[in-house]
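Taking it in order: structure first as C-alpha cells, then the write-up.
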2 protein chains.
Amino acid sequence: MDQQKRATIADVAKLAGVSITTVSRVMNKNYPVKEATRKKVEKAIEELEFKPNLLARGLIHNKTQTIGILTPSIENLFFSEVVKGIDSVIKNKGYTTFLCNTEGDPEQEKLMIDNMKDRSVDGIIAINPRTKNIKSGYYEGISKQIPLVIINGYNRGIHCNYVLNDGEVGTYEALKYLYELGHRDIVFLRGRHSYSYDVKEDIYRKFCEEFKLEFDEDNILIIEDGNGLEAVEQSKVVVEKIIRENDKVSCLFACNDWMAVGALKAAKALSISVPEEFSIIGFDNTIISQITEPSLTTVDQNMSGLGQISGNRICEIIKDRDKENKKIIIETRLIHRNSVAGRL
Amino acid sequence: MDQQKRATIADVAKLAGVSITTVSRVMNKNYPVKEATRKKVEKAIEELEFKPNLLARGLIHNKTQTIGILTPSIENLFFSEVVKGIDSVIKNKGYTTFLCNTEGDPEQEKLMIDNMKDRSVDGIIAINPRTKNIKSGYYEGISKQIPLVIINGYNRGIHCNYVLNDGEVGTYEALKYLYELGHRDIVFLRGRHSYSYDVKEDIYRKFCEEFKLEFDEDNILIIEDGNGLEAVEQSKVVVEKIIRENDKVSCLFACNDWMAVGALKAAKALSISVPEEFSIIGFDNTIISQITEPSLTTVDQNMSGLGQISGNRICEIIKDRDKENKKIIIETRLIHRNSVAGRL
DNA sequence: TTGTATGCGTTATCAT
DNA sequence: ATGATAACGCATACAA
C-alpha cells in the first residue's frame, strides 16, 4: 500500500526554505508575512498537499471544532431530523458532529458523555436525555464542565441550557380541537419514560378538569417503548383493548406518530373507520404522518428548527462560556390532515 | 463557571510521588509495576478523576479509535439502520463513529472525506457514495491512503473494499414472483443517480428478454430524488401518468419503499385498489413498508446486517492494512405482505 | 518580517 | 521496577 505519510508543517518549511513559524503564519493568516515568502510557502503547501493535523491543533487550543450529539436512537425519525437541523447550522461555522447512540439507557448516556469529553469535543447536545439523569443533577454537573444544550428535556431547579418544543401548548391545542369537534371522551396514549410524555399527560389531566370532562384513569394508556415499530405494535394492543371495552371513547390523542399509527391499525383491525367513527391525532409530524392512510392529523414541532436553534445556541455558549443559562421554547403547530372528524 | 481543568498525567504523577512514565504504565498495563506503587497511582488517578486525553494519545499513535461514516442523508431510514448496524459492532471494539452528511453531493462527499482525514479517523465507511466518485477512481485513491469500505456502491476494475446487498438476485426474485402470479406488463420505477438503481434496471431489462416480455422503454420510470418524501411525491406523479396512459400495466417494481409508497398513493388517487387491481412491490424493507395500508411486499436487504458486516470489515482492514480488497455480498429476501396479488 | 524555543498531554526509548 | 527525555505536529511568546 502506498502509505505515503502526510506532509507535516516541517516538510513544508524545509521545502519552502523558511521556518515552521512562517508556514504557520501563512496558514493562519494571523501575522503579516512578506508577499514573496507567502507565495513560496503557498507553493510548497500545494506541492506537498499539506493539510494541518487537527489533533495537534486541538491539543494546543483544547478545541476540536467538534460537537458531540447524544441521541437515544439514530434510526428514529424524530431524532434524525433534529440531527440534520443541528448539522445544517454548525457545519457553516466549521464544526462537525460526533454522533452517539445511547439506546435510551441512562448508564450508556453517561458513558457516551465521558467518551465525548475524552475526545475533547467543544460542546454537547443531548437529545431527549433520560429524565433520571437530569433530575439527579448529572447534567447540571456536566454543564459546568463543558458547553451543553439539552433538547426536549427539562427539570425545574436544574440549571442548564434547554431547547424545548412547546408540548404543553401543542397538546392543549390538539385536545381543544377534538373538544370543539364534539368529542368528550378522549383517550390519552403515552410511553413510559420521557419528560415530554409527562408534560403532555399533565396537560391532559388539567384539560379534563378545565372542560369538566368525565375523567377516567383507564383512558390513560401507557406503553413501554415509545419510538419505533415496537411502539406501533404495543399501541395497537392497548388501543384495541380500550375500544372494545369502552364504547364511549370516540377519539385518541397519541404522544407521537408511531403510537398514532398503532391506533390506526387497531381501528382497522376492529373495522372501525378513521376518522368517521374514530378520530386519531398524533404528535411530531414525522414523515410517517404523511404516509399513513388516512394521513395523520398531528402536531408539528418543527424538528429541524429545534435542531437549528440548538446548533446556534451551542455555538454561542462555546464562544462565551459564561453566558447565563436559557430555556428556549419552540412553538408547535397543529397540522390538519385526515385522521380527525367531528363526533357523530 | 467551575472550569476546573482536567487533571493530566503529570498531576497524577506528582500526587502519587512517582514519574509520569510509571503512571502511564499503570494506565496501560503494558509493563510490570510493583504492586505497592500501582496502588498509590491508582488512588491518585481516582482522586483526581484522571482520564487520559485522547487527542494527545492520537497524536502519538496516529490513531483515534474513530470510524468516519459518510451518508447521503441521516434522516433517511435506510441509512440510519445501516449506521446503527455499524455502530453496534464497532462500539464493542472501542471505536466510536464520526458521522457526516453529504446531501448526495459528490463535491460535499470529497470535502467530508478530507475533513475526516484531517481528523485522523482510523477508517472510513461510505454508504451509497456517488457512482461518479467511484468511477473516477477517487475512492480507489482514498482507499490507498486510509482503510475504506464502500457500502452499496461498486464499479468493475475499481479496487476497493465493497459490501453490497445482492440487488441483482433481489430484483430478479421480485420480478419472477410477479411473473409467476401472471403479470406480464411490469412497470419499473427508479431514481436517477445510484449504482443500486443501475443494477436493478439492468436486471429488469435482462428479465424482460429472458421471459420474452413485450419490452416498452416507457415502462421504465425515473424520478430525480430517490429517498424520502420527495420520492413519494414524484413517484405518485409518474405512476399516475403511466396507469392512465397504459391500461395494460398491472403491477410495478419500485427500487425502494418510498417509491412504492408513491405508487400506492397514485393507485389510491385513481381509485384503483391494491393489490386487487394493481400490485406493487418495494425494496429495502424499511419500517414504512409495515406502516402503509396495505403493507408492502418488499425485498429485505438486511440493512442492519449490512452495517454489521461493514463494521467488522473496516476493523479487519485497520488491523491489517495489507489485506487484499474484498467484495462482500449480502443476501436479500423477499418479504411477502399485502401489496401483491395474482393477475386478474 | 522572520526565526528560536517552548509547550500542549501522552507514549516510547533508553538508561539506571 | 522506575525515571529522564525525546518524540507526535502544531502554535505562540519572545528575540532578533
Side-chain angles (χ1 to χ4, degrees), chain A residues 3-42 44-45 48-66 94 114-115 117-122, chain B residues 3-42 44-45 48-66 94 114-115 117-122:
Chain A
Q3 291 290 42
Q4 48 186 351
K5 287 190 54 136
R6 248 174 113 107
T8 75
I9 196 171
D11 300 328
V12 177
K14 201 194 305 179
L15 181 61
V18 297
S19 76
I20 295 183
T21 313
T22 305
V23 178
S24 175
R25 283 174 184 144
V26 171
M27 293 290 304
N28 300 312
K29 310 177 199 292
N30 48 358
Y31 283 91
V33 173
K34 193 161 62 174
E35 193 54 27
T37 49
R38 125 160 299 129
K39 288 281 182 216
K40 269 197 307 188
V41 172
E42 276 169 351
I45 287 176
L48 296 174
E49 293 180 21
F50 169 68
K51 306 213 44 203
N53 179 323
L54 263 35
L55 289 180
R57 215 176 241 176
L59 191 56
I60 296 173
H61 294 126
N62 205 24
K63 294 213 169 173
T64 53
Q65 295 298 109
T66 306
D114 274 350
N115 188 278
K117 286 199 298 182
D118 296 346
R119 289 168 191 279
S120 309
V121 298
D122 296 343
Chain B
Q3 290 291 42
Q4 48 186 349
K5 286 188 55 134
R6 248 176 114 106
T8 74
I9 197 170
D11 299 328
V12 177
K14 202 195 302 179
L15 181 62
V18 298
S19 75
I20 295 182
T21 314
T22 304
V23 178
S24 174
R25 283 176 183 141
V26 171
M27 293 289 305
N28 301 311
K29 310 177 199 293
N30 49 358
Y31 283 91
V33 174
K34 195 160 60 173
E35 194 54 28
T37 50
R38 126 160 300 129
K39 289 281 183 216
K40 269 196 306 189
V41 172
E42 276 169 351
I45 288 175
L48 296 174
E49 293 180 22
F50 169 68
K51 307 212 45 203
N53 180 324
L54 264 34
L55 288 179
R57 209 176 251 177
L59 191 55
I60 296 172
H61 296 311
N62 205 23
K63 293 211 170 175
T64 52
Q65 295 298 111
T66 305
D114 274 350
N115 188 278
K117 288 200 297 182
D118 295 346
R119 287 166 192 278
S120 309
V121 299
D122 296 343

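Chain naming here is simple, since letters A, B, ... match the order of the sequence lines and numbering starts at 1 in each.
Near DNA chain D, defined here as any heavy-atom distance below 4.0 Å, there are no residues from residues 49-56 of chain B. Near-neighbour residues of DNA chain C inside residues 15-22 of chain B, defined by a heavy atom below 4.0 Å, number-ordered: B:I20, B:T21. Near-neighbour residues of DNA chain C inside residues 27-38 of chain B, defined by a heavy atom below 4.0 Å, number-ordered: B:N28, B:N30.
Comparing the end axes of the helix from C:dT1-D:dA16 to C:dT16-D:dA1, each fitted to five base pairs by superposing C1' atoms of four pairs onto the next four, gives an inter-axis angle of 50° (nearest 10 degrees).
Annotation: side-chain hydrogen bond (donor to acceptor under 3.5 Å, both in side chains) contacts of A:R119 (sequence neighbours excluded): A:N115, B:T66, B:T96. Applying the side-chain hydrogen bond (donor to acceptor under 3.5 Å, both in side chains) test to B:K40 and every residue at least two apart in sequence or in another chain returns nothing. Residues meeting the side-chain hydrogen bond (donor to acceptor under 3.5 Å, both in side chains) test with A:N28, sequence neighbours left out: A:S24, A:R57. In this structure A:E49 satisfies the side-chain contact (heavy atoms from CB on, under 4.5 Å) test with no other residue, sequence neighbours excluded. Residues passing the side-chain contact (heavy atoms from CB on, under 4.5 Å) test with A:K51, sequence neighbours excluded: A:R6, B:D114, B:D118. The side-chain contact (heavy atoms from CB on, under 4.5 Å) check on B:L15 picks up B:A44, B:E47, B:L48, with sequence neighbours excluded.
With B:S120 contributing its side chain and B:T64 its backbone, the two residues share no donor-acceptor pair below 3.5 Å.
The footprint of chain A on DNA chain D, defined by a heavy-atom cutoff below 4.0 Å, extends from D:dG9 to D:dC14. First and last contacting nucleotides of DNA chain C toward chain B (any atom under 4.0 angstrom from a heavy atom, 5' to 3' order): C:dG9 to C:dC14.
The CD1 atom of A:I60 sits 11.0 Å away from the CG atom of B:L55 when rounded to the nearest 0.5 Å.
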>> Before you tell me yes or no, could you show the steps for A:M27 and A:I45 under side chain to side chain contact (heavy atoms under 4.5 Å, CB included), namely the whole-Å CA-CA distance, both residues' side-chain angles and the distance that decides it to 0.1 Å?
In response: CA-CA 9 Å; A:M27 293 290 304; A:I45 287 176; 3.5 Å; yes

